[in-house]
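Model, not experiment: these values are computed from the prediction. Chain naming here is simple, since letters A, B, ... match the order of the sequence lines and numbering starts at 1 in each.
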Amino acid sequence: MASESKIRVRFAPSPTGQLHVGNARTALFNWLFARQKGGVNVLRIEDTDLERSEARYETQLIDDLKWLGLDWDEGPDVGGSYAPYRQSDRLEIYRSTADRLVQAQKAYYCFCTLEDLERDRQQALAENRQPIYSGKCRNLDPAEVQRRRHAGEAAAIRLKIPEHPIKFHDIVHGDVQFASESVSDPIIMRSNGVPVYNYVVVVDDAEMKITHVIRGDDHLSNTPKQVALYEALGLPVPEFAHLSTILGPDRERLSKRHGATSIANFRDMGVLPEALVNYLALLGWAPSGGARETFTPKELIKEFSLKRITPSPAIFDMEKLHWLNRHYIKQSPPERIHAIAQPFFTKAGLLPENPDAEIAQWFGRVVDLLAPYVDKLEQLPQRAAILFHFDPAAALANPENAEVLAGEKTGPVLQAFAAKIGNQFPVAPERFKEIMNELKTETGAKGKDLFHPVRIMLIGSHSGPEFDKLIPLLEEGSRLNLPEHVKSVRERVAGFMAARGQRS
RNA sequence: GGCGCUAUCGUCUAGGGGUUAGGACGUGAGAUUCUCAAUCUUAAAACCCGGGUUCGAUUCCCGGUAGCGCUACCA
């Protein structure tokens, strides 16, 4: 008995595109539930929509799920005792099961053509009736059915929906009930012999002994048909948990229109998987008490509960994802962030394809300096512009800088600084500190009046990283053989003074 | 149109028949720093509307409204 009650869940995506955050959350909740309960997590590929399904999407799907840190015990790639796990490989099961249903008179052949159905629908609409299937083939004479089938007439197979209301229990929504009249007899096998989603999903879930169906609530309205199918099949109805929809800021279903929506998008932006997992977990679920925000996957497994899932739709909040991402960037070992950041620099043309140890080490320090301040790692090369792009003319033209540079003591500060740097290279951070102190006493400038002009001279902006980290990075960077030369302090000072001289 | 689901700060949410309705993101202010996107402190900010039940409803019930979903030989 105990072994029979083992929890089995499944994530059943269709390989018709990139893994979307909504589906990723569904996958995550299934995984959390299975891992917490010591159950079995199944990955099943729903590729009955032959026209839209593509094999390459299946590979991507698996990559994306793995990147998130999810895994499964049975699936197309790992096998399992209920194989195959790809619906296109299970067609025989669907056909024979459908035949059985017809024989048991739980389902029937329907000879209506698409045109017939469309006409009926239009008429129903015109007469203000509900456009549901009339059931006209439901009680055809068996002999006639036989004859027409032998004559080779195309026929779909429809399930008989029972006359009584269909009730089921949903863990997040409670008891749900549908009147029989609101559910028309659904087609389970198309006339071309290809089964329909609402049918295969039940056959597979039943066959694979799925105990808890955790999926998006866009399937809630389909559930009565599926429950009727379980009953027709004489199989136990699983528990359901329908997850709310994820919406965009305009309260419409989150889609590409809203920008990044696929897992691959987020990965490509430099969002860490644990940040995304943490964020997705918090979308529609909250721990008991609700006060905690950051969870490692292990902690999520411990705390997770289907019963605490919120039934209402949730708007995807990029800002909060950014906050979590910053949090995890700071938490991560630096080497890991270096490795993830490297391709962004390579792509921006700042880092060679195969950097030597010295260059890699220098870039690591650049990342250490800038990463705590970015929302996502893709912003790094742009932030690193203070090192790579030195444009004194633009710095002088900038109105905000101009204001600072117009200060009374600015001229003397810049002059004296330039004089003290002279031809020195490299400038040690200690020496820099001394120079600043000397400037303070010699010019009387202090604080902002002292530091801002110097920073504008060096990086073109009055705000930026601390000098004792910045200076060594400039000096050492200038020595490296990089695709984009980093100017040394000496070069920057000379360049700035020249541009300033020209201007006045 | 029919059916279904949903409704607490701008957003994610906690809570729940009597509470100063709590936390987080974001926003404002302050602190710190030469500066800053970091950090710390702090402030503003919410129970959709109408009935009913009740001594009392934001909480329970009903209705309305709005949003979303389903209503396919899509998944």
Need one value for [X]: base, sugar-phosphate or nothing, where a base atom within 4.0 Å counts as base even if backbone is also close, heavy atoms only.
X      : answer
A:S184 : nothing
A:E466 : base
A:F316 : nothing
A:L247 : nothing
A:I315 : sugar-phosphate
A:H322 : nothing
A:C112 : base
A:S14  : sugar-phosphate
A:G284 : sugar-phosphate
A:L283 : sugar-phosphate
A:R52  : base
A:Y197 : base
A:R121 : sugar-phosphate

If you check every side-chain atom of [X], which of [options] has the closest atom?
X      : options                : result
A:S463 : B:rC36, B:rC12, B:rA24 : B:rC36
A:R158 : B:rG10, B:rC73, B:rU71 : B:rC73
A:V176 : B:rC5, B:rC74, B:rC34  : B:rC5
A:N222 : B:rG4, B:rA75, B:rC73  : B:rA75
A:T310 : B:rA37, B:rA14, B:rU71 : B:rA14
A:E293 : B:rG23, B:rG26, B:rC3  : B:rG23
A:R308 : B:rC73, B:rA14, B:rG26 : B:rA14
A:K320 : B:rG26, B:rU71, B:rA24 : B:rA24
A:D218 : B:rC34, B:rC70, B:rA24 : B:rC70
A:R383 : B:rC5, B:rA24, B:rA37  : B:rA37

Got a donor-acceptor pair under 3.5 Å from the side chain of A:R251 to the base of B:rC68?
-> no
Distance-only donor-acceptor test, A:T245 side-chain atoms vs B:rC68 base atoms, 3.5 Å | no
With rounding to the closest Å, how many angstrom separate the [atom1] atoms on [N] and [M]?
N      : M      : atom1 : result
B:rG16 : B:rA7  : P     : 15 Å
B:rG56 : B:rA66 : C1'   : 29 Å
B:rG22 : B:rG15 : C1'   : 8 Å
B:rC47 : B:rG10 : P     : 8 Å
B:rA72 : B:rA14 : C1'   : 41 Å
B:rC62 : B:rC70 : P     : 26 Å
B:rA21 : B:rA46 : C1'   : 9 Å
B:rU13 : B:rC73 : P     : 35 Å

Can you tell me the distance, in whole Å, between the [atom1] atom of [X] and the [atom2] atom of [N]?
X      : N      : atom1 : atom2 : answer
A:I309 : B:rC12 : CD1   : C1'   : 15 Å
A:Y279 : B:rG26 : OH    : P     : 12 Å
A:L243 : B:rC12 : CG    : C1'   : 15 Å
A:N198 : B:rG4  : CG    : C1'   : 15 Å
A:N23  : B:rC74 : CG    : P     : 20 Å
A:Q331 : B:rA38 : CD    : P     : 16 Å
A:R90  : B:rA75 : CZ    : P     : 16 Å
A:H173 : B:rG69 : NE2   : P     : 14 Å

Side chain A:N30, main chain A:T26, donor-acceptor under 3.5 Å | yes
Please confirm whether the backbone N or O of A:A286 pairs with a side-chain atom of A:R308, one donor and one acceptor, at under 3.5 Å?
-> yes
Identified pairing partner of [N], criterion: Watson-Crick or G-U wobble below 3.5 Å:
N      : value
B:rC55 : B:rG18
B:rC36 : none
B:rA44 : none
B:rC3  : B:rG69
B:rA24 : B:rU11

By nearest nucleotide on RNA chain B, pick out whichever of A:Q87 and A:G464 is the more 5' one.
-> A:G464
Earlier contact from the 5' end, RNA chain B, for A:R25 and A:E319 = A:R25
Assign the ring pair [X] / [Y] to parallel, tilted or perpendicular, where the plane angle (0 to 90°) is split at 30° and 60°.
X      : Y      : result
A:F316 : A:F266 : tilted
A:Y94  : A:Y199 : perpendicular
A:H173 : A:H242 : tilted

Measure across A:A98 and A:I157 and return the closest heavy-atom pair with its distance rounded to 0.1 Å.
-> CB-CD1, 4.0 Å
Output yes when at least one side-chain N/O atom of A:K225 is less than 4.0 Å from OP1 or OP2 of B:rC70, else no.
-> no
Is A:R215 near enough to B:rG69 that one of its side-chain N or O atoms lies under 4.0 angstrom from OP1 or OP2?
-> no
Starting from the C-alpha separation in whole Å, work towards a yes-or-no answer on side-chain hydrogen bond (donor to acceptor under 3.5 Å, both in side chains) for A:D368 and A:H338.
-> CA-CA 8 Å; A:D368 292 342; A:H338 298 170; 2.8 Å; yes
Less than 4.0 Å between a side-chain N and a carboxylate O, is that true for A:R86 and A:D47?
-> no
Considering only NZ, NE, NH1 and NH2 on the basic side and carboxylate oxygens on the acidic side, decide whether A:E442 and A:K420 come within less than 4.0 Å.
-> yes
Show your working on side chain to side chain contact (heavy atoms under 4.5 Å, CB included) between A:F390 and A:L474 and close with a plain yes or no.
-> CA-CA 11 Å; A:F390 178 71; A:L474 292 176; over 6 Å; no
